[in-house]
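To start, the structure itself, in structure tokens.
All ligand and atom numbering here is 1-based and tracks the order in the structure.
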Amino acid sequence: MEAIATDFGIDQALKTLGVKELNNGTSTGSDNFSNGEIIESYSPVDGKLIAKVKSSTREDYDKVMDAATSAFKTWRDMPAPQRGEIVRQFGNKLRELKEPLGKLVSYEMGKSLQEGYGEVQEMIDICDFAVGLSRQLNGLTIPSERPGHVMREQWHPIGVVGIISAFNFPVAVWSWNTALAWICGDVCVWKASEKAPLCSIACQNIIAEVLKDNNLPEGISCIVNGDYKVGEFMTKDRRVALVSATGSTRMGKIVGVTVAERFGKSLLELGGNNAIIITPTADLKVVVPGAVFGAVGTCGQRCTSTRRLIIHESVYDKVRDAIVGAYKQIKIGNPLDENNHVGPLIDKDSVNTYLAAIEKAKAEGGNVLVEGGVLEGEGFESGCYVKPAIIEAENHFEIVQHETFAPILYIMKYSGDLENAIEMQNGVAQGLSSAIMTNEMKEAEKFLSYAGSDCGIANVNIGTSGAEIGGAFGGEKETGGGRESGSDAWKVYMRRQTNTINYSDELPLAQGIKFDL
Ligand code: NAD
């Protein structure tokens with residue numbers, strides 16, 4: 001086996017994170033329960049084998065669940081602000097380790113180094129948010145219709161939260177869930193993507209140290225590794241009160257049904273098919289970077305990546321030419337080199353899906369404006385580097401209606417009023433992110449109104465990708481309806497209890513019912 005890449009400080013980053021030794025198949029620290037088959041993690045950056053991680057068997061999974069369910073009893077007893085203190089310490093550790101962890105994210109997943117650091121910054125931000133929230137898990141006091149009575153609403157921890165995550169945000173999605181779940185008094189079991197297992201072990205090492213320093217059981221944060229089969233242990237397990245699953249709509253359909261069958265709760269964060277509407281008054285200075293970053297950032301592998309541009313016919317040629325021109329500036333290459341804008345796709349399967357989508361678009365009548373293709377030669381040995389493509393297409397094309405997790409941008413015209421563009425924007429099965437570029441106040445407000453975008457995220461004069469942690473994140477329709485991160489998303493990690501307390505000497509019944517004995 002070839003040595004781990006030593007350039008760009010990756011070797012040192014792996015050492016600092018305590019995951020360097022995993023390239024010979026041994027497990028360390030926090031995945032010490034694992035005894036299953038080996039998952040090999042190859043970097044899409046240079047094609048090198050960077051880790052062999054043992055997956056979890058059913059027996060391993062049960063041991064993890066025992067550790068988690070027992071830790072829950074300790075953890076829920078701790079006052080919420082003290083739990084917040086643990087999350088604060090975790091956030092501080094992430095500050096210290098932002099550089100190595102960001103590098104690992106970039107190397108294992110293939111996103112640009114800046115985006116790798118950005119992902120760790122999101123983890124830090126959600127920790128800060130959760131620390132404040134740990135003093136604000138407030139319920140309500142509700143007026144009772146009965147004299148001498150009071151009603152209250154309280155929020156209690158729900159128990160074990162199972163987290164199933166996708167490859168493209170290999171650390172941030174976990175922290176969006178865990179930071180909130182922990183302050184709510186829950187414990188977490190994480191099944192990371194089998195395409196980025198090393199990131200999960202690095203994160204687990206960080207939190208395990210914080211828990212150890214505070215004499216708390218490691219079961220508060222557990223990981224299991226493996227593919228969908230290990231995910232299924234979780235979705236079928238009544239001990240897992242909430243399954244938070246991020247990934248494709250295909251996966252969400254199975255997970256949603258399986259969890260519902262046992263009356264569990266699920267939080268689904270699934271695929272998107274995000275569009276930007278570009279109106280006649282749109283400012284090109286905003287449109288071009290917004291659309292280009294949205295379409296090619298993370299090599300088109302964000303759930304919020306811009307897939308469609310819906311451009312008013314009066315400005316169509318101008319906008320199209322500006323965007324096609326901007327694509328000529330895009331630098332594709334090693335994502336650890338900060339001069340490059342676009343790194344690789346996650347693996348060769350993804351490359352094949354990308355190539356097939358381009359062929360399908362052509363077969364359906366699409367007109368290729370910027371050619372795609374796979375890059376070859378020095379620096380592209382992994383076979384995962386592709387050229388971002390632009391295709392003129394119709395909204396109703398089957399391929400346009402589907403999310404292809406790659407840098408393919410479909411552009412199309414609308415004519416007449418904004419309503420026509422909104423109809424096209426909403427005319428897909430997914431409902432995650434959307435945007436309008438306009439300087440007309442009425443158009444912006446119409447787009448944000450109940451008659452406008454049907455997505456969970458609707459932006460004005462910014463693109464579809466790059467959400468902040470302060471807002472609730474998620475989407476409608478086939479995106480799954482889940483919300484995580486900011487606003488009141490914490491409520492999904494808790495159970496609501498309504499209390500009625502009688503402090504009178506009588507027992508009046510509700511709705512004036514008489515029951516005289
Ligand atoms: P994927 O669906 O292939 O896998 C996601 C996770 O689900 C993995 O951990 C996988 O092992 C697990 N899984 C798959 N089938 C399962 C099953 N039947 N039971 C239990 N677990 C199962 O997705 P991916 O390729 O890793 O990620 C890309 C997808 O994720 C895209 O569709 C993207 O839009 C979506 N995504 C959505 C969001 C969001 O917040 N809405 C965020 C990131 C990614």
Side-chain angles (χ1 to χ4, degrees), residues 39 41 44 53 55-56 61 108-111 115 119 122 162-177 189-197 199-200 223-237 240 243-261 264 266-274 297-307 345-347 349-350 353-354 402-406 428-433 455-457 464-467 469 471-486 489:
I39 309 170
S41 177
V53 173
S55 58
S56 309
Y61 171 80
E108 192 175 33
M109 185 273 156
K111 63 175 63 178
E115 289 177 278
E119 206 178 318
E122 275 191 45
I163 300 161
I164 296 174
S165 61
F167 77 84
N168 65 329
F169 276 89
V171 294
V173 165
W174 169 70
S175 69
W176 288 1
N177 284 283
V189 178
W190 179 20
K191 194 211 80 68
S193 166
E194 57 275 35
K195 296 178 185 173
C199 283
S200 69
I223 55 172
V224 285
N225 281 115
D227 60 13
Y228 74 95
K229 294 190 272 323
V230 178
E232 279 177 355
F233 296 157
M234 220 180 244
T235 56
K236 292 180 178 162
D237 189 344
V240 181
V243 175
S244 172
T246 301
S248 57
T249 294
R250 186 199 57 77
M251 173 278 286
K253 272 187 185 151
I254 301 168
V255 168
V257 169
T258 311
V259 177
E261 266 177 355
S266 56
L267 190 174
L268 300 175
E269 296 281 356
L270 312 175
N273 192 347
N274 319 297
T298 327
C299 200
Q301 298 170 108
R302 287 188 181 211
C303 50
T304 53
S305 289
T306 307
R307 310 271 173 221
L345 286 172
I346 184 70
D347 55 21
D349 283 350
S350 247
T353 306
Y354 152 90
H402 283 95
E403 177 196 48
T404 301
F405 222 48
V428 291
Q430 309 81 354
L432 180 52
S433 186
C455 291
I457 296 167
T464 56
S465 70
I469 62 96
F473 181 88
E476 304 296 336
K477 303 195 289 186
E478 288 194 2
T479 304
R483 291 295 185 280
E484 58 191 22
S485 194

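- For Phe167, a nitrogen or oxygen atom sits less than 3.5 Å from a nitrogen or oxygen atom of ligand 1, counting backbone and side chain alike.
- No hydrogens or angles considered: a donor-acceptor pair under 3.5 Å links the side chains of Trp190 and Ser165.
- At under 3.5 Å, a nitrogen or oxygen of Glu269, whether backbone or side chain, sits near a nitrogen or oxygen of ligand 1.
- Contact atoms of ligand 1 toward Ile254: 18 (N) (distance under 4.0 Å to a heavy atom of the residue).
- Within the 4.0 Å heavy-atom criterion, neither part of Phe169 lies near ligand 1.
- Remark: ligand 1 and Ser248 share an N or O pair separated by less than 3.5 Å (distance only, no angle test).
- At least one N or O atom of Glu194, backbone or side chain, sits closer than 3.5 Å to an N or O atom of ligand 1.
- Neither side chain, Thr464 nor Thr304, offers a donor N or O lying under 3.5 Å from an acceptor on the other.
- The distance from ligand 1 to the heavy atoms of Val255 drops below 4.0 Å at these ligand atoms: 19 (N), 20 (C).
- For the residue pair Ser41/Glu108, the side-chain donor-acceptor check at 3.5 Å is satisfied.
- Inclusion of Lys191 in the set of residues having an N or O under 3.5 Å from an N or O of ligand 1 is warranted.
- Checked against a 3.5 angstrom limit, the closest N/O atoms of Asp227 and ligand 1 fall outside it.
- When non-hydrogen atoms are compared, ligand 1 lies under 4.0 Å from the backbone of Ala192 (N, CA, C, O) but not from its side chain.
- Thr298 places a side-chain heavy atom less than 4.5 Å from the side chain of Met109.
- Relative to the six-membered ring of Tyr228, Lys191 misses at least one condition, a distance below 6.0 Å or an angle of at most 45° to the axis.
- Considering backbone and side-chain N/O of Ser165, one or more are found under 3.5 Å from N/O of ligand 1.
- Within the 4.0 Å heavy-atom criterion, neither part of Val173 lies near ligand 1.
- Nearest residue to atom 31 (C) of ligand 1 from Glu484, Glu403, Lys195 is Glu403 (criterion: closest heavy atom).
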